[in-house]
Amino acid sequence: VRNLWVKLPDEEDYIIRGFNLTIHAGEVHALMGPNGSGKSTLAKVLSGHPGYEVTDGEVLFRGEDILEMEPDERARMGLFLAFQYPMEVPANFLRLAYQRRFDTEIKYTDFYKVLLQHLKKLEMDPSFAGRPVNEGFSGGEKKRFEIVQMSLLEPVLAVLDETDSGLDIDALKIVSNGVNMMRSPERSFLVITHYQRILNYIQPDYVHVMVEGRIVRSGGPELALQLEEKGYDWVRGELAGATAP
Ligand code: ADP
Ligand code: MG
């Protein structure tokens with residue numbers, strides 16, 4: 001992501017303000033930041049959400065500029081987004097997504113078997129497979145099911161937007177396990193989180209702090225611990241100091 005500027009179509013103020021980030025194959029990056037810093041907006045823009053206007057910058061994925069591509073084209077290339085607030089989608093939708101991702105045809109009965117295998121691998125309740133995706137799921141169940149979807153679609157880059165929030169400790173372990181199982185030299189992750197807690201289970205290679213639409217600080221896992229200790233006012237304070245006349 002190079003010098004990305006994003007706003008709402010009818011607004012003048014920018015939400016993403018000159019955002020830069022490079023993620024290489026196999027890397028796990030954590031993106032932290034206070035509420036309203038633009039983390040979810042970034043995730044949505046990466047996936048191709050139509051509600052935002054990109055006025056400047058580039059997003060290169062596997063060497064191609066994806067900003068002009070439709071969301072499903074990006075998904076076919078292996079981009080996956082787990083939403084902060086997962087939506088209810090018809091069960092068949094997941095099968096169609098699978099067919100698109102792997103350029104194949106699969107009957108529902110066969111797809112059901114594949115789904116069961118993934119649930120088993122992730123140590124999740126097989127009864128999940130019999131329920132329409134996310135319909136009537138609790139918040140925590142939806143988050144867990146996002147990980148099933150990720151496992152199923154074998155992304156090249158998975159963006160997880162606060163998949164940890166609202167999870168109890170058991171669910172957090174299941175979600176983290178899923179990510180850790182899927183880590184590979186070919187696959188990358190952008191783990192967006194407000195809290196350090198999930199990073200006790202998913203060890204990131206890099207940690208970035210986003211404030212007011214851009215990364216203000218990057219480091220290793222120790223940065224997350226420092227943030228936990230000192231709070232976001234710590235980086236905000238430094239930012240204010242740096243921009244003061
Ligand atoms: P974060 O995920 O870091 O908490 P968001 O990306 O959700 O932050 O939001 C960043 C800012 O942009 C917030 O002030 C939010 O209210 C605003 N914003 C984002 N999307 C919309 C939208 N669709 N309509 C109105 N305001 C929005
Ligand atoms: Mg958010």
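When a ligand or atom number is given, it counts from 1 through the structure's own listing order.
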Residue Thr41, metal the Mg ion (ligand 2), N/O/S under 2.8 Å: no
So, is Ser40 placed with an N/O/S atom under 2.8 Å from the Mg ion (ligand 2), counting both backbone and side chain? yes
Mark the output for Gly33 as yes if a heavy-atom distance to ligand 1 is under 4.0 Å, and as no if none is. no
If you count the atoms of ligand 1 from 1 in the order shown, which ones are under 4.0 Å from a heavy atom of Asn35? 4 (O)
Can you tell me how far apart CD (Gln149) and CZ (Phe83) are? Round to the nearest 0.5 Å. 9.5 Å
Name the closest protein heavy atom to atom 4 (O) of ligand 1, giving the residue it belongs to and the distance to 0.1 Å. Gly36 N, 2.7 Å
Protein heavy-atom partner closest to atom 8 (O) of ligand 1 - residue, atom, separation in Å: Gly38 N, 3.2 Å
Considering all protein heavy atoms, does one lie under 4.0 Å from atom 24 (N) of ligand 1? yes
Best match, Lys39, Glu162, Lys7, His49: closest heavy atom to atom 3 (O) of ligand 1: Lys39
Is it true that atom OH of Tyr108 has more than 12 heavy atoms of other residues, nucleotides or ligands lying nearer than 6.0 Å? yes
Kindly determine whether Lys113 and Asp110 satisfy salt bridge (Lys or Arg N to Asp or Glu O under 4.0 Å), including the steps that lead there. CA-CA 5 Å; Lys113 285 178 202 152; Asp110 294 331; 3.8 Å; yes
Please answer whether the main-chain N or O of Glu58 pairs with a side-chain N or O of Arg2 as donor and acceptor at a distance below 3.5 Å. no
Would you say atom 15 (C) of ligand 1 has a protein heavy atom nearer than 4.0 Å? no
Looking at atom 27 (C) of ligand 1, what's its closest protein heavy atom, distance included? Leu8 CD1, 3.9 Å
Quick check: does Gln84 get an N/O under 3.5 Å from an N/O on ligand 1? no
What atoms in ligand 1 come closer than 4.0 Å to a heavy atom of Tyr52? 19 (C), 20 (N), 21 (C), 23 (N)
Using a strict 4.0 Å cut-off to heavy atoms of Ser40, name the atoms of ligand 1 that fall inside it. 1 (P), 2 (O), 6 (O), 7 (O)
Note: ligand 1 atoms sitting under 4.0 Å from heavy atoms of Pro34 are 3 (O)
Any non-hydrogen atom of Gly51 lying under 4.0 Å from ligand 1? no
Can Arg183 and Asp205 be counted as an ion pair, charged N to O under 4.0 angstrom? yes
What pairs meet the side-chain hydrogen bond (donor to acceptor under 3.5 Å, both in side chains) rule with one or both residues in residues 223-233, with sequence neighbours excluded? Asp233-Arg236
Report yes if the side chains of Val175 and Asp164 come closer than 4.5 Å at any heavy-atom pair, otherwise no. no
Is there any N or O on Thr41 that sits under 3.5 Å from an N or O of ligand 1? yes
Let me confirm one number: the CD1-CD distance from Ile198 to Glu162, rounded to the nearest 0.5 Å. 10.0 Å
Pick one of side chain, backbone, both or neither for how Ile15 approaches ligand 1, counting any non-hydrogen atom pair under 4.0 Å. side chain
So do the side chains of Leu227 and Val209 get within less than 4.5 Å of each other, counting heavy atoms only? yes
Contact check, side chains of Ile192 and Leu160, non-hydrogen atoms, under 4.5 Å: no
